[in-house]
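Encoded as structure tokens, the structure appears first; notes follow it.
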Amino acid sequence: KYALDAVAVESRELQADVQKRAKAADANVGDKFKKLESHILSELATGAADTEDVLAAGRPRPVGRSGDAQLMKKMTNRLADFEAQVTNQLQIMSQDTEKRISYLGSQPRGGV
């Protein structure tokens, strides 16, 4: 009985500790996203994004509206690709679930 109570208490303490860490990590990630968002918005507001930067490929970044249009097109394409990947994964998961349900439905029932 004592061992069971000790294990239960330790389990509750560990669970509380894990919840605290998860909340702290969530808050930390949220803060980092807020900082990133404010940094990007401030760069866009000041026009720092229109300065001539050198990309990893060594090409100067296009300046002005054409550069912004190219950037938006690239972001749109990447978001569309990501959406397609997520949709594909959801379809695969749905098909897998349907197969499992079908399999479980085909099994004979027992015990009644």
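All of these numbers come straight from a predicted model, not from anything done at the bench.
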Point-to-point distance, once rounded to the nearest 0.5 Å, from [atom1] of [X] to [atom2] of [Y]:
X	Y	atom1	atom2	answer
T97	Q95	OG1	CD	10.0 Å
K74	Q70	NZ	CD	8.0 Å
T87	I92	OG1	CD1	11.0 Å
D81	E83	CG	CD	10.0 Å
Q91	Q89	CD	CD	10.0 Å

Practice item. Answer yes or no: is there a donor N or O on one side and an acceptor on the other, between the side chain of S102 and the main chain of E98, under 3.5 Å? Key: no

**Study point:** L71 reachable from L79 in the ILVMFWY side-chain graph, under 4.5 Å edges
**Key:**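 Hydrophobic grouping puts L79 apart from L71.
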
Check your understanding: Which is it for R21 and D17 under the salt bridge (charged side-chain N to carboxylate O under 4.0 Å, His left out) test, yes or no, and what are the steps along the way?
Key -> CA-CA 6 Å; R21 288 183 183 192; D17 185 46; 3.4 Å; yes

